[in-house]
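Okay, so here's the structure we're looking at.
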Protein chains: 2
Amino acid sequence: MADQAQPILTRIQQKNRDLILEGALTVFSESGFRGATVDQIARAAGLSKPNVLYYFGSKDDIHKTLLTTLLDMWLAPMVRIDPAGEPLDEVLGYVRAKLEMSRRFPRESRLFAYEILQGAPHLTEILGGSLRGIVDTAAATLQGWMDQGRLTPMDPRHLIFSIWALTQHYADFDVQIRAVLGPGHDAFDEAERFLENLYRKLLEA
Amino acid sequence: MADQAQPILTRIQQKNRDLILEGALTVFSESGFRGATVDQIARAAGLSKPNVLYYFGSKDDIHKTLLTTLLDMWLAPMVRIDPAGEPLDEVLGYVRAKLEMSRRFPRESRLFAYEILQGAPHLTEILGGSLRGIVDTAAATLQGWMDQGRLTPMDPRHLIFSIWALTQHYADFDVQIRAVLGPGHDAFDEAERFLENLYRKLLEA
DNA sequence: CCTGATCCTGACCGTTTGGTCAACAACCGA
DNA sequence: TCGGTTGTTGACCAAACGGTCAGGATCAGG
């Protein structure tokens, strides 16, 4: 998890690697790993295909770099749950933060969704390792609050799953939601109110 | 939506088409459309590649057939919500039915998840058409119950979204859930209790 | 048992794809 | 300005892919 000692990158390396990762994020999140082609990534990045492969050895390399780079950011809100805070505020804050991530970073959400759907070939060790640790910590915090009677008792891990499911759904299934709601709806605005209400009801001791 | 007048199929056609669709469901649900190959489907079905393409003109054809065939089954539980029933029972019944579908038909769930993630290229007209109609009907039923004070008022469409998200999550993100929970957990059993509790709390007027 | 329709497959084809490479261009410190 | 490092690309390759086809095997009705 700790950043390796990065080799110093030249200005050009920095810029082009960023362009590639940015383009690849768009392409991978639209088509999945197999559906994306190096050519598409190159076009999205504004570079030639060989040039893309000059900076990253392979398509797989780009994908793996994206996943591991973005995982920390993706999990950050859960780590910020504060055991010293007010239980309801902390959980509602987490829900809000997670929904905000779905709103602002739908590509990242879809990237992870594809990876998990596929069986998480690039994330297996992380899933059972640091992710599990982070969830365990958060679950312990929640369980503590429940034991103190400050939160309605329930399975804390499934509470976390529910937050993931409900917030990421709005990014990952965006097409479906827009089709069902029709025009003139801001699904995320509505979701924010709906989820705030849901978790308030669910959690108030 | 109504079944076309099917040409009569021979015994062999019936059997082999079923074998192909069954194998394709497995392969597509594991790898997505682009990730799946006709060869894999053929192997999963126990047939040769040309033979698969003898029964279905193209890979696309198999995929489209699967999606449209399974969509009715997938949406069936929502259609069964009975406006004359007891509101809480009806919703909890729907939740239970939907979770049971995730448990018993995870491949179908993933098939649809891939399709929606991809932007639903094969389902766009259905999404904005019959699906929307079905959701509108169910939403109207829910809204009616809320207006009568028999259900806590909330946005009925987002209530439906929440049920989709929470139940399908256990099929689609199964790998992640198993990694986080570790061995010795039946995620679906736990989810059944958790969701029953969640929706009971949320909906009791 | 015959015969036409159905079923099946090895060999093949054109395209797409990830990746390589030699050669050239741009950069940059000395 | 020079020289080596870094950056860039057109042309190319082998493998994988979706799909075709001619011809042979099998089936089912008469």
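These numbers were taken from a predicted model, which means no experiment stands behind them. First the proteins, then the strands, lettered A, B, ... as listed; each starts at 1.
Phosphate contact (OP1/OP2 of dT6(C), side-chain N/O of Gln13(B), threshold under 4.0 Å): absent. Put simply, Tyr55(B) has no side-chain N or O that comes within less than 4.0 Å of OP1 or OP2 on dT6(C).
Side-chain rings of Phe28(A) and Tyr114(A) stay apart, their centers remaining 6.0 Å or farther from each other. Side-chain rings of His158(B) and Tyr170(A) approach one another, their centers coming within less than 6.0 Å.
Checked options Thr69(A), Leu66(A), Ile62(A); the residue passing with Leu25(A) is Leu66(A) (criterion: side chain to side chain contact (heavy atoms under 4.5 Å, CB included)).
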Distances for protein N or O near nucleotides 14-21 of chain D N or O, under 3.5 Å:
residue: dG18(D); atom: OP1; partner: Ala36(B); partner atom: O; Å: 3.3
residue: dG18(D); atom: OP1; partner: Lys59(B); partner atom: NZ; Å: 2.9
residue: dG18(D); atom: OP2; partner: Val38(B); partner atom: N; Å: 2.9
residue: dG18(D); atom: N7; partner: Lys49(B); partner atom: NZ; Å: 3.0
residue: dG19(D); atom: OP2; partner: Lys59(B); partner atom: N; Å: 2.8
residue: dG19(D); atom: N7; partner: Lys49(B); partner atom: NZ; Å: 3.4
residue: dG19(D); atom: O6; partner: Lys49(B); partner atom: NZ; Å: 3.1

Please list, pair by pair, any protein nitrogen or oxygen found under 3.5 Å from a nitrogen or oxygen in nucleotides 25-30 of chain C.
residue: dC28(C); atom: OP1; partner: Arg11(A); partner atom: NH2; Å: 2.8

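The minimum heavy-atom distance between Gly128(A) and Arg132(A), with the atom names listed, is O-CB, 3.6 Å. Scanning both residues, Ser102(B) and Ala171(B), for their nearest heavy atoms gives O-CB, 3.7 Å.
When the salt bridge (Lys or Arg N to Asp or Glu O under 4.0 Å) test is applied to Arg178(A), the partners found at least two apart in sequence or on another chain are Asp174(A). In this structure, the side-chain contact (heavy atoms from CB on, under 4.5 Å) partners of Glu90(B), at least two apart in sequence or on a different chain, are Ile81(B), Asp82(B), Trp145(B). Under the side-chain contact (heavy atoms from CB on, under 4.5 Å) criterion, Leu202(A) pairs with Met154(A), Leu159(A), Tyr199(A), Leu198(B), Lys201(B), not counting sequence neighbours. Every residue two or more places apart in sequence or in another chain that forms a salt bridge (Lys or Arg N to Asp or Glu O under 4.0 Å) with Arg96(A) is listed here: Glu196(A).
Distance Gln40(A) CD to dG18(C) C1': 13 Å, rounded to the nearest Å. Going from atom OH of Tyr54(B) over to atom C1' of dA25(D) covers 13 Å, rounded to whole Å. Straight-line distance from the CG atom of Leu47(A) to the P atom of dT6(D): 19 Å, rounded to whole Å. For Asn51(A) and dG10(D), the CG to C1' distance is 13 Å, given to the nearest whole Å. To the nearest angstrom, P of dC7(C) lies 11 Å from CZ of Arg17(B). For Asn16(B) and dC27(D), the CG to P distance is 12 Å, given to the nearest whole Å.
Nucleic acid contact for Phe56(A): none, since no nucleic acid atom lies under 4.0 Å from a heavy atom of the residue.
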